[in-house]
Q: 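Please see the structure below; I have some questions.
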Amino acid sequence: MLWRLSSKCRIPYVLVTNCFHQATRWALPNSQRCVREFSSTTRVRLFEPGVDLRPRPQETVLSTVDVKSLLRTVDTIYNQATTAEATHAYINQLADGHPGKLLLTRDGVAAAAWAVAESSDYLSCRSLLQLSHKLGIIPRMNVFEGVVFRLATAGHWHYILDIVSFGKTMLGKTTKRLLNWKIRALIECSEYGLVEQMLHEFQREKLVPDRRSWHLFIQACLLNTNLPLAREYMSAMERAGVPVNGSTHVAVLTAYHMLGQKDDIEARAFETLTGRDPKSDTAVLNSIMLMRMRHGDLDAVCRVFRVFTAPFNIRMTGVELKLVERANQKDPVYRPNVGGNYDHVEWVIISPDARTFGMLIEIFAHQQEVDQIERTFEIMRRCNVRPDSRLVSTLIKAYATVGEHETALARFIELCADTPLVRPFVTAFHIPHQQRVPSRSSLGLSDVKLNSHIYNALLSALLPVSGLPIFQAVLEHMRIMNIEPNQKTSIILIYYLANRGFTPRELMRATKDLAKLPVHCRPNISHVNAILTATLRSRRPLVQKMALRPGQTVTPLNPTPEAESEDYDPSAGLASPANKELNILLDELAHRGLRGNGSTFTLRLWRDAVTRLDMETARTTFRHMKARGIRPNSRHFTILMDGFTRIGDMIAAEEVLKLAQTEENIIPTVGMYTVLIRGYGRIERSDLASQTFFRMMSAGIPPDHQAIAALVDAFIRVKRFFLARSLLKTLWKWVVVFPRRLHKADVWTLRRAFTKITTHKMRPPRADRDRRQLRKNFQSVLLQWKQFYRPRDIDVP
C-alpha cells in the first residue's frame with residue numbers, strides 16, 4: 001500500500017534536514033462481464049490540481065512579433081561578430097517598428113524570446129537570449145519561465161533542459177518553478193536516474209521543494225514502476241512539513257496506471273471530488289475510467305461515467321457498451337469498494353472533457369462499432385467540448401481498428417489546410433491522384449492544430465497496411481510543418497520492423513542508429529521490449545501440438561538458474577550474457593534509471609512458462625512482480641495458464657483462473673478460456689473442451705475466432721470429424737460471414753479457410769528480395785529522419 005512507509009527503505013533524514021535547514025514550516029500554497037482485454041496505449045498526462053505553473057505574463061505574443069525578421073537580424077549580428085557597441089549601432093539604425101528593436105529593452109527581450117519559443121524556430125531562443133546578454137540587457141528570471149512554459153506547451157521537453165541550464169549559467173541562480181519544469185521534462189524524456197538527483201540540486205540551489213516538486217518525484221517513481229522509492233518520497237514529503245492532502249491523492253492516481261488498478265488509490269482520489277476544482281475532478285474520473293477500462297471492467301466504466309453530468313448515458317447491452325440518449329435514475333453509479341463517505345459526490349457537477357470521449361471512442365473501436373464512434377463525436381460536439389490533438393489521435397486509431405484505413409487518412413487530411421501537402425500520403429497509400437480519398441462525412445477538425453501525437457497516430461494506423469513508404473510520407477510532411485519526430489515515433493518504427501521479420505540483431509542495430517538522434521528520440525524500455533519479443537519469438541516452445549494423455553506432464557526445458565532470476569532490471573533477466581550489443585544498451589538504460597515494466601515481466605513469464613515450461617521459475621517471477629507493486633492483469637494470468645496447459649496440468653490451470661477471479665478481481669477474458677479449451681484438446685478431452693466453451697458463453701463472454709478454432713481442433717484431435725465440421729459451420733457465422741462456396745467442403749478445407757479469413761496480422765516477407773527492400777526502405781527512413789536536425793544536434797551524449 002502506497003500510504004504505508006516501508007521500514008527497509010528510507011531517504012536519509014540528514015539529506016532532507018540539510019536541504020531545507022532554513023525553513024521551519026514548509027506548508028505551501030464488481031462486474032462479471034467483459035467484452036475484450038483492452039491494451040490501451042492512452043498516455044496519461046501528469047496533472048497537478050490547484051497549482052498554476054504558468055509564468056506571467058501569459059499572453060500569446062507570436063502574432064505581434066515578426067519572428068522571421070527578428071531571427072534574420074540575430075543571424076546577421078552573429079555572422080558579423082561585432083562588438084557590443086557596433087551591435088547597438090546596427091540595431092539603432094533599423095527602421096522604427098522593426099522587431100530587432102525589441103533587443104534593446106528588457107520587456108522587448110521577453111516578448112521576443114516568448115515569440116520565438118512559440119514558433120517553429122524555437123531552437124534559436126538560446127541565441128537570442130545570449131545576444132541580449134551581450135548587449136547588456138540581462139533577462140529577468142520570468143523570461144526563462146515563460147520560454148520554458150511555451151516549450152512545454154508545444155511538447156519540446158528535450159530543449160527545456162538546455163534552457164534551464166542556460167538560465168542558471170547566465171543569471172547564476174534558478175527558481176523553484178524552473179526546477180519543477182526540469183523534473184517534468186526529465187520524466188517526459190524517461191531520464192528517471194536524473195530525476196532522483198534533482199533533490200540534491202534543490203539542496204545546491206538552497207531552495208525548498210514545494211508540494212508540486214514532491215508530487216513530481218512520486219509520479220516519476222510510479223511511472224517507472226518503482227513503488228518502494230515512491231513510498232520513500234512520500235515519507236520524506238511528510239517529514240519536510242508538506243502533509244498529504246487531496247491533491248496528493250490525485251497526483252498518485254494519475255500516475256498509478258503503470259502499476260494497475262487499485263481500489264484504495266481510487267477511493268482516496270474519489271473523496272477529493274468537491275467541485276472546487278472542476279479540472280481536477282474531471283481528471284480523477286478520467287483516471288478511474290482508464291484504470292477500469294484497462295482492467296476490462298466495462299460495467300465499472302459505465303458506473304464511473306454516470307458520475308459525470310452529461311446529457312446522455314452509456315449502458316451495457318448484453319456484453320457490449322451502448323450510448324443511451326437519456327440517463328436512467330435506476331442505473332447504478334460508481335462508488336469505491338473501500339469504505340468511506342462519498343455522499344457529497346452526488347451534489348458535485350463534473351463535466352466530461354475530450355479525454356473522456358476519447359476513451360469511449362476507444363472502447364467502441366474495440367467493439368468494431370464505427371457508427372457508435374461517430375455518434376460519440378457528435379454528442380461531444382453538442383456538449384460544447386472542443387476536440388484536441390489527443391482526441392483526433394484516438395479517432396484516427398479507432399478508424400484503423402475497425403478496418404477503415406481510408407477514413408483514418410481522410411480525418412488527417414481534414415487537418416491539412418493546403419491540399420498539395422497531402423499528395424505524398426495519397427501516393428504512399430496507393431490511391432490514384434484523380435480519385436478522392438474515400439471518407440465519411442466531415443467532422444469539422446480543421447481547427448485542431450497538427451502535432452506529433454497526430455502524426456504518431458497516423459503511423460500506428462497506416463503503417464501495418466502501407467509499409468515504410470507511408471512512414472517516409474509522414475516524415476516529409478512533418479518536415480514541411482516543422483514538427484519533429486519523438487520517442488514514440490521511434491517506438492512505432494521498431495515494433496513495425498519486429499513484426500515484419502527483422503531479426504533481434506537487426507533490431508539492435510536499428511535501435512543503435514536511433515540512439516544517435518537527439519535526446520528526445522533515445523531508446524527506452526519499449527525498444528528493449530520489442531527486441532526481447534523478437535528474441536522470444538524465434539525460440540518457439542518444443543511442446544506445441546503434441547497430444548498428452550490425461551495426467552501426463554512434461555519436464556521443463558532448460559531450467560533457469562537461480563542466479564539469473566535475481567536481476568530483473570531493466571530487462572527482467574531476459575538478456576543473454578553473450579549478446580554484448582543488447583547488454584550495452586541495457587547498461588545505458590540502467591544508468592538512466594529505467595526499470596522493467598509490466599510488459600517486460602509479461603515477456604519474462606512467457607519465457608519461463610511457455611518457452612521453457614519451467615513453472616517453478618514462472619511462479620517466482622510472478623511473486624517478484626507483485627512484490628514490486630505491479631498488479632498482475634489478465635495477460636499475466638493467461639500466460640501462467642498456458643504454461644500449465646502445455647505441460648498437461650489442467651488442474652493447476654483451472655486454479656490459476658480461480659485465483660485471478662477471487663484474489664485479484666480479474667474478469668475472465670476470452671483468451672483465458674481459449675487457453676483452457678486448447679489445453680483440454682491437447683490431452684484429448686473434447687468433452688471438457690466443449691464444457692469450457694459453453695461455460696464461457698454462460699459467463700456472457702462471446703467467443704472469437706481463436707476460441708472457435710481451439711474447440712474445433714479438440715474434436716479433430718479425437719477424430720470426430722463430422723461433429724467438428726458441423727461446429728465450425730455453425731460457429732463461423734459468429735465472427736465473419738460464411739462463404740457459400742465452402743458449403744460442401746470437408747473439415748480440413750474449412751479449417752484452413754477459417755484460419756486464412758480470420759487472421760489479419762502482418763506477416764514477415766519470405767523472399768530475400770523483399771527482405772532486402774525492407775532494409776533499404778529503413779535506411780531511407782533513417783536518412784530522412786536525420787535531415788530534421790542540424791549537425792550540432794546529432795550525437796547528443
Side-chain angles (χ1 to χ4, degrees), residues 45 48 51-78 87-88 91 94-185 188 212 388-389 449-452 481-484 520 790 793:
R45 289 175 286 180
E48 179 66 26
V51 178
D52 185 13
L53 290 181
R54 294 176 296 180
R56 296 170 174 79
Q58 304 169 13
E59 294 81 5
T60 300
V61 295
L62 180 59
S63 59
T64 61
V65 177
D66 187 357
V67 177
K68 296 297 182 182
S69 300
L70 174 64
L71 293 182
R72 279 197 298 268
T73 303
V74 173
D75 291 339
T76 301
I77 295 174
Y78 268 105
T87 303
H88 266 288
I91 296 177
L94 294 175
D96 293 338
H98 193 281
K101 295 280 190 179
L102 296 174
L103 300 176
L104 298 178
T105 62
R106 274 191 168 187
D107 293 337
V109 169
W114 293 342
V116 173
E118 292 177 355
S119 69
S120 58
D121 298 313
Y122 63 92
L123 291 175
S124 301
C125 278
R126 177 167 179 168
S127 301
L128 188 144
L129 293 173
Q130 220 164 11
L131 179 60
S132 69
H133 187 270
K134 177 182 177 180
L135 295 173
I137 307 299
I138 307 300
R140 301 185 183 93
M141 194 63 71
N142 72 325
V143 175
F144 291 91
E145 294 175 353
V147 170
V148 167
F149 166 72
R150 286 162 174 82
L151 292 174
T153 303
H156 305 310
W157 298 102
H158 61 287
Y159 198 54
I160 290 178
L161 305 175
D162 187 26
I163 291 296
V164 174
S165 300
F166 179 66
K168 172 66 170 59
T169 304
M170 177 180 291
L171 303 180
K173 61 181 180 179
T174 187
T175 64
K176 190 184 308 181
R177 190 188 300 270
L178 286 176
L179 291 183
N180 287 343
W181 277 120
K182 184 177 181 179
I183 299 173
R184 175 68 186 277
E188 296 292 338
R212 173 64 173 171
D388 56 6
S389 60
K449 187 178 180 180
L450 284 171
N451 59 11
S452 58
M481 303 302 295
N482 291 315
I483 299 176
E484 297 181 12
H520 59 287
R790 303 173 184 176
D793 293 328

Q: Between Leu104 and His88, does a side-chain contact (heavy atoms from CB on, under 4.5 Å) hold up when you go through it step by step?
A: CA-CA 8 Å; Leu104 298 178; His88 266 288; 3.6 Å; yes

Q: What's the separation between atom NZ in Lys168 and atom CG in Leu171, rounded to the nearest 0.5 Å?
A: 9.5 Å

Q: Do you know the tightest heavy-atom contact between Ala115 and Val67?
A: O-CG2, 3.9 Å

Q: Do the side-chain N and O atoms of Arg72 and Ser69 include a donor-acceptor pair separated by under 3.5 angstrom?
A: yes

Q: How long is the gap from CG on Leu102 to CG on Asp107, to the nearest 0.5 Å?
A: 10.0 Å

Q: If you measure from CE on Met141 to NZ on Lys173, what distance do you get to the nearest 0.5 Å?
A: 5.5 Å

Q: Is Asp162 salt-bridged to Lys182, cutoff N-O under 4.0 Å?
A: no

Q: Do Trp181 and Glu145 have side-chain heavy atoms sitting under 4.5 Å apart?
A: no

Q: Hydrogens and angles aside, do Glu484 and Ser452 bring a side-chain donor and acceptor to less than 3.5 Å of each other?
A: no

Q: Working to the nearest 0.5 Å, report the span between CZ of Phe144 and CZ of Phe166.
A: 5.5 Å

Q: Would you say the side chain of His156 lies within less than 4.5 Å of the side chain of Glu188, judging by non-hydrogen atoms?
A: no

Q: So, taking the atom named CD in Gln130 and the one named OG in Ser127, what distance separates them when rounded to the nearest 0.5 Å?
A: 6.5 Å

Q: With a 4.5 Å limit on heavy-atom distance, are the side chains of Arg106 and Ile138 in contact?
A: yes

Q: To the nearest 0.5 angstrom, please state how far the CD1 atom of Ile160 sits from the OG atom of Ser165.
A: 11.5 Å

Q: Search all heavy atoms of Ala117 against all heavy atoms of Leu151 and return the closest pair with its distance.
A: O-CD2, 4.1 Å

Q: Do Asp121 and Lys68 meet the salt-bridge criterion of a basic N to acidic O distance under 4.0 Å?
A: yes

Q: Nearest heavy-atom pair of Leu161 and Ala185: which atoms, and what distance?
A: CD2-CB, 3.8 Å

Q: Looking only at heavy atoms, which two atoms of Leu70 and Pro99 are closest? And how far apart?
A: CD1-O, 3.5 Å

Q: State, to 0.1 Å, how close Ala113 and Cys125 come at their nearest heavy-atom pair, and which atoms those are.
A: O-SG, 3.7 Å

Q: Pick one: which of Val147, Ile183, Val148, Ile163 meets side-chain contact (heavy atoms from CB on, under 4.5 Å) with Leu178?
A: Val148

Q: Of all the heavy-atom pairs spanning Gly100 and Ile91, show the shortest one and how long it is.
A: O-CG2, 3.4 Å

Q: Indicate yes or no: at least one non-hydrogen side-chain atom of Leu131 is less than 4.5 angstrom from one of Ile137.
A: no

Q: Quick one: which of Ile77, Val109, Leu103 gives a side-chain contact (heavy atoms from CB on, under 4.5 Å) with Leu135?
A: Leu103

Q: Tell me whether the rings of Tyr159 and Tyr122 are parallel (<30°), tilted (30 to 60°) or perpendicular (>60°).
A: perpendicular

